[in-house]
Amino acid sequence: MSTQQGNRFFFNVDWITILIFVALCTIGFINIYASVYNPDTADVFDFSSNYGKQLIFILTALILGFSILLVDAKFFSVFSPIIYGATILLLLAVLVVGRNVAGNQAWIPIGSFRLQPSEFAKFGTALLMARYISTFNPKLRDFKSIAFAALIVLVPLGLIMLQPDTGSALVFLSFMFPLYREGLSGYFLLIFLGMIVLFIADFLMPIGLIIFIIVMVSAFFIYQNRRKQKMIFTIVLAAIVSIAYLYVVKLTYTKVLEPHQRSRIEIMLGLKTDPKGAGYNVIQSKIAIGSGQTLGRGFLQGTQTKYGYVPEQSTDFIFSTIGEEWGFVGCSVVIGLYCFMLLRVINLAERQRSTFSRVYGYCVASIIFFHVFINIGMTIGIIPVIGIPLPFISYGGSSLWSFSVLLFIFLKLDANRMGFI
């Protein structure tokens, strides 16, 4: 690379997004330090502690990210099938040699480090999805095109469900949004939303009322589309499909989900209370966030955090530390940074000259959004606890590295957008 090319590349890199990335990593380190703080062993460079290890993870993530910026942008398109295949092999390997932690066989032990393949499968799937759409330009209105795109997502999703790691598996549903951007019918999103509503309604309403609502909604959409001659057939079909779906939901709920997962769903829906069991984490998290009020209790001053009332506080519940010690203002800053990053990535995706880069950019935004929404939703009790990290902030090497690779690949594609068609 000549000096002139190097200067142009340096100028093209989106440093604003990188600064947001660094800010979020820094916030993560500070709050991980607070969540495990012990005045007797408070050395910032104690590499045996969670915050010491996280400092190493952050430094290596930066090295990894800037190394990606030096790779030829076409590498990610050309080798996307191989990268995807490698992540699938890792998902298969973890089922054989993985370590079982808290009921999930999701980690491969490498010395004192534990590698979580499901985290890396996300950017592998995003790369192959972008390659498929950019190479074949599928019309996402016919069954064959939709089925192939779905297969790309369902293979890793299915392998992750075998671990079983329901939380990580659900994140793969976020790929529906890039597909929608590329032409997938909006009805699929409505169906997806309807499935969630039906799932919740199955717990809260009698079956007769559910079917009545389905019939009324179906009739409304048919009337709006002026297809009255097909009204009876469509209504009957919608009712039959809905009943079948509810049966599958009930079967999955009772036979597939673990008891603790069922308890978390029932607690979220208000069907049961278990303040000393499955509901303990969320209750303590809400107390921590609420006690922060406007400005927070102050750094290292949070009582819920200091005395370890919130389990998994440096990982899944790190947002409760932010809420308690930095208050509403601190929470707003973190959420604002995520919103800024997501809007920035979507804006960058829209200016891409290649379909591959655009699709990949939307995959990045969708995955990060899904993680942020679900993780914060868990900590405030509006979503069941399914155990997924807060991007760039939660403790963990696999999580931080995979999100860094996911983001920096897109930044590389964007920096090279004028030469990558």
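- Taking CD from Q352 and CG from L348, the interatomic distance works out to 7.0 Å, rounded to the nearest 0.5 Å.
- A distance-only check finds a donor-acceptor pair linking the side chain of S134 to the backbone of R131 [under 3.5 Å].
- In terms of modelled atom types and a separation under 3.5 Å, the side chain of S394 and the main chain of T315 share a donor-acceptor contact.
- Separation of atoms CZ (F328) and CD (Q293) is listed at 13.0 Å; rounding is to 0.5 Å.
- A distance of 11.5 Å separates CG in L173 from CD1 in I367, rounded to the nearest 0.5 Å.
- Closest of all the heavy-atom pairs between I108 and P117 is CD1-CG, 3.8 Å.
- Results of the ring-ring contact (aromatic ring centres under 6.0 Å, His included) test with F21 over F408, Y338, F410, W15 single out F408 as the only residue that passes.
- Between the side chain of W326 and the main chain of C331, no donor-acceptor pair closer than 3.5 Å is present.
- Taking the six-membered ring where tryptophan is involved, the planes of F29 and Y33 are tilted, since the angle between them lies from 30° to 60°.
- Considering only heavy atoms from C-beta on, D14 stays 4.5 Å or farther from I18 through its side chain.
- A side-chain donor-acceptor contact under 3.5 Å links S35 to the backbone of I32.
- The heavy-atom pair separating A121 from T87 by the smallest distance is CA-CB, 3.8 Å.
- With a 4.5 Å cut-off on side-chain heavy atoms, I146 and D142 do not count as touching.
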Is there a side chain to side chain contact (heavy atoms under 4.5 Å, CB included) between T355 and T135 once you walk through the steps?
CA-CA 9 Å; T355 302; T135 301; over 6 Å; no
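- Pairing each heavy atom of P156 with each of T125, the nearest pair is CG-OG1, 3.5 Å.
- Interatomic distance, CD1 of I83 versus CZ of F123, reported as 6.5 Å (0.5 Å rounding).
- Below 30°, between 30° and 60°, or above 60°: for F369 and F373 the angle between ring planes is below 30°, a parallel geometry.
- Put simply, CD1 on I376 and CD1 on I383 are 10.0 Å apart, with the number rounded to the nearest 0.5 Å.
- By the 4.5 Å heavy-atom criterion applied to side chains, M176 and V153 are not counted as neighbours.
- In this structure the side chain of Y362 never reaches within 4.5 angstrom of the side chain of V345, judged on heavy atoms.
- For the pair G183 and R141, the tightest heavy-atom approach, listed with the atom from each and the gap, is O-NE, 3.1 Å.
- Between S291 and T303 there is no side-chain heavy-atom pair separated by less than 4.5 Å.
- A salt bridge links R297 with E324; the closest basic N to acidic carboxylate O contact falls under 4.0 Å.
- Under the 3.5 Å distance criterion, the side-chain polar atoms of E182 are left unmatched by any main-chain donor or acceptor of P178.
- Note: F148 and Y132 have tilted aromatic rings, judged against thresholds of 30 and 60 degrees for the angle between ring planes.
- Here the side chain of S168 pairs no donor or acceptor atom with the backbone of D165 at under 3.5 angstrom.
- Scanning all heavy atoms of the two residues, the minimum distance from N12 to D414 falls at O-OD2, 4.1 Å.
- A donor-acceptor pair is defined here as one N or O able to donate and one able to accept, closer than 3.5 Å; such a pair exists between the side chain of H371 and the backbone of P389.
- Here the closest non-hydrogen pair linking L95 and Q105 is O-NE2, 2.9 Å.
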Intermediate values then yes/no, salt bridge (charged side-chain N to carboxylate O under 4.0 Å, His left out), E350 and R181:
CA-CA 10 Å; E350 284 296 336; R181 166 61 181 81; 2.8 Å; yes
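- Side-chain atoms of N281 and S285, non-hydrogen and from C-beta on, never get closer than 4.5 Å to each other.
- Using modelled atom types, no side-chain atom of Q301 and backbone atom of E325 make a donor-acceptor pair closer than 3.5 Å.
- Of the charged side-chain nitrogens involved, none lies within less than 4.0 Å of a carboxylate oxygen, so that D72 and K412 do not count as a salt-bridged pair.
- Each of N50, T321, N31 was evaluated against S314; a single residue qualifies, N50, per the side-chain hydrogen bond (donor to acceptor under 3.5 Å, both in side chains) test.
- Counted by atom type alone, Q304 and Q284 present one or more donor-acceptor pairs between their side chains at under 3.5 Å.
- Between F370 and F177, the ring-plane angle classifies as tilted under the 30° and 60° cut-offs.
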Let's go through Y395 and K53 carefully: what are the C-alpha distance in whole Å and the side-chain angles of both, what is the deciding distance for side chain to side chain contact (heavy atoms under 4.5 Å, CB included) to 0.1 Å, and is it a yes or a no?
CA-CA 9 Å; Y395 168 76; K53 292 176 183 176; 3.3 Å; yes
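- With 3.5 Å as the limit, one finds no donor-acceptor pair spanning the side chains of S80 and S77.
- No side-chain donor-acceptor contact under 3.5 Å links Q116 to the backbone of S398.
- Between F319 and M378 there is no side-chain heavy-atom pair separated by less than 4.5 Å.
- Between F120 and W401 the shortest side-chain heavy-atom distance falls below 4.5 Å.
- Expressed to the nearest 0.5 Å, how far CD1 of I388 lies from OG of S118 amounts to 10.5 Å.
- A distance-only check finds a donor-acceptor pair linking the side chain of T26 to the backbone of V22 [under 3.5 Å].
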